[in-house]
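What follows is a single structure, written as structure tokens, with notes after it.
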2 protein chains.
Amino acid sequence: MTGTARVDTARLMELLSVSLGAYYGDFTVAAASENLTASQGKALTVLRRGPAAMRALANTLTCDASNMTGIVDRLEKRGLVRREPNPCDRRIKNVLLTPEGERVADAIRAKMRTTQEGLDRLSDEERDSLHTLLETVFVPRPGTCGDDV
Amino acid sequence: MTGTARVDTARLMELLSVSLGAYYGDFTVAAASENLTASQGKALTVLRRGPAAMRALANTLTCDASNMTGIVDRLEKRGLVRREPNPCDRRIKNVLLTPEGERVADAIRAKMRTTQEGLDRLSDEERDSLHTLLETVFVPRPGTCGDDV
DNA sequence: TATTGTTATACTCTATAACTATA
DNA sequence: TATAGTTATAGAGTATAACAATA
């Protein structure tokens, strides 16, 4: 069998680009339906995994630390997050979701119908396979660097 | 064997969020190294697949049509794209990459080292599998709608 | 001396609404 | 009447540089 035609890196990168575009579009529409910008929605999504310092949040969102002040200010004004001083290092402020923030973060994910319907096309085995592959490609293995970036 | 533990949708969505966040970060840094914003870089990447009308470009980038004017203006001012009237419908302007625009688009992709190194961890069979799975999830099957949106 | 978060600034992105030209 | 692209506007995102508080 010549079942496995080599898929070159350029083609995979191109497909990742298309996939990201589709996912990001779905996400942007879902966030907008909650009256949130894409950046605000992304911040909520990241914080859904747990509290984070301002700077760690900026690193995860790939933006300068100075941007986080305004983004968190607006989320805090709407009661979706709050700042909390870190007793171990008084320079640091941890940001965490309020219950309302958790509700909105979950609502955004629930509204991403296009992506969910795409995942629904996969069998259990395929879902397991996709999970493993994405982890291999995108989740850095411990041993490289345990902290932020 | 209980080899296949069910991977639920929420977990896959979470992993997609992390994976595409990593891809987006890699892309943003690569675009910045060419003195381009993420939106400008995205426009170049989309146009690398071929010319597109202003409105189709806006739809692909999930932004309002009015935004494309400024984005394309700046890219045109730098000689990376140019507008071309559509002879069939004089309302439409097609946007296409200049040779320099093609060079920059390729340079951005080449600089996405983190993503490429992630893909390098996969065997040929795994690359083929990832390709198939991403297409299944994110590339709409013909029969739904052939046009833009 | 280095780091965290903030502020000030300038530029870019974004959606909304209104406009022109064309279909 | 509807659509493609543009313009004007206001709010949000973005990087840079400079700052105060803390380590």
Side-chain angles (χ1 to χ4, degrees), chain A residues 21 24-25 27-46 51-78 80-96 147-149, chain B residues 24-25 27-44 46 51-78 80-96 147-149:
Chain A
Y24 184 73
F27 179 82
T28 300
V29 170
S33 77
E34 293 286 334
N35 288 308
L36 291 171
T37 66
S39 291
Q40 290 169 345
K42 262 190 281 187
L44 289 190
T45 299
V46 170
M54 294 290 289
R55 188 158 299 260
L57 204 47
N59 287 335
T60 303
L61 299 187
T62 325
C63 69
D64 191 84
S66 61
N67 301 329
M68 290 315 308
T69 301
I71 294 174
V72 171
D73 278 352
R74 292 175 198 105
L75 291 173
E76 197 167 31
K77 201 170 299 179
R78 287 184 48 176
L80 302 179
V81 307
R82 61 189 173 82
R83 289 168 163 97
E84 196 172 65
N86 183 328
C88 303
D89 185 337
R90 292 192 298 175
R91 294 174 301 180
I92 294 177
K93 290 177 188 173
N94 289 321
V95 187
L96 48 152
D147 255 19
D148 53 8
V149 170
Chain B
Y24 183 75
F27 177 82
T28 300
V29 170
S33 76
E34 294 286 336
N35 289 307
L36 292 170
T37 65
S39 291
Q40 291 168 345
K42 261 190 283 185
L44 288 190
V46 170
M54 295 290 289
R55 189 159 297 262
L57 205 47
N59 287 335
T60 303
L61 299 187
T62 324
C63 69
D64 191 83
S66 62
N67 301 328
M68 290 315 308
T69 301
I71 294 174
V72 170
D73 278 352
R74 290 174 199 107
L75 291 174
E76 197 168 30
K77 201 170 300 178
R78 286 184 49 176
L80 302 179
V81 307
R82 61 188 172 82
R83 289 170 164 97
E84 196 172 64
N86 184 328
C88 303
D89 186 337
R90 292 192 299 176
R91 294 173 302 181
I92 296 177
K93 291 178 189 173
N94 289 321
V95 187
L96 46 154
D147 256 16
D148 53 10
V149 164

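The basis for the numbers below is simple: all heavy atoms, side chains too, and nothing from hydrogens, waters or symmetry mates. Protein chains get the first letters and strands the later ones, always in sequence-line order, with residue 1 at the start of each.
A:A32 meets the side chain to side chain contact (heavy atoms under 4.5 Å, CB included) test with no other residue; sequence neighbours excluded. Partners of A:R78 according to the salt bridge (Lys or Arg N to Asp or Glu O under 4.0 Å) rule, which considers only residues two or more places apart in sequence or in another chain, do not exist here. Residues satisfying the side chain to side chain contact (heavy atoms under 4.5 Å, CB included) criterion with A:T69, sequence neighbours excluded, are A:M54, A:D73, A:R83. Qualifying side chain to side chain contact (heavy atoms under 4.5 Å, CB included) partners for A:T28, counting only residues two or more places apart in sequence or in other chains: A:Y24, A:A38, B:T62.
In this entry the distance linking CZ of B:R83 with P of C:dA21 reads 17 Å, nearest Å. Atom-to-atom, CE of B:M68 to C1' of D:dT3 comes out at 18 Å; the value is rounded to the nearest Å. Rounded to an integer number of Å, the gap from CZ of B:R78 to P of C:dT12 is 10 Å. In this structure, A:R55 places its CZ atom 12 Å from P of D:dA15, rounding to the nearest Å. Atom-to-atom, CG of B:L57 to P of D:dG5 comes out at 10 Å; the value is rounded to the nearest Å. A straight line from CZ of A:R74 to C1' of D:dT14 spans 11 Å, rounded to a whole angstrom.
The base of C:dT14 is not paired with the side chain of B:S66 by any donor and acceptor separated by under 3.5 Å.
A heavy atom lying under 4.0 Å from DNA chain D marks the following residues of residues 85-96 of chain A, by number: A:D89, A:R90, A:R91. Within residues 29-39 of chain A, the residues that place at least one heavy atom under 4.0 Å from DNA chain D are, in residue-number order, A:T37, A:S39.
The side chain of A:C63 has D:dT14 as its nearest neighbour among C:dC13, C:dT7, D:dT14.
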Inset, instruction - Go through the steps for B:L57 and B:I71 under the test side-chain contact (heavy atoms from CB on, under 4.5 Å), then give the verdict. - result: CA-CA 11 Å; B:L57 205 47; B:I71 294 174; over 6 Å; no

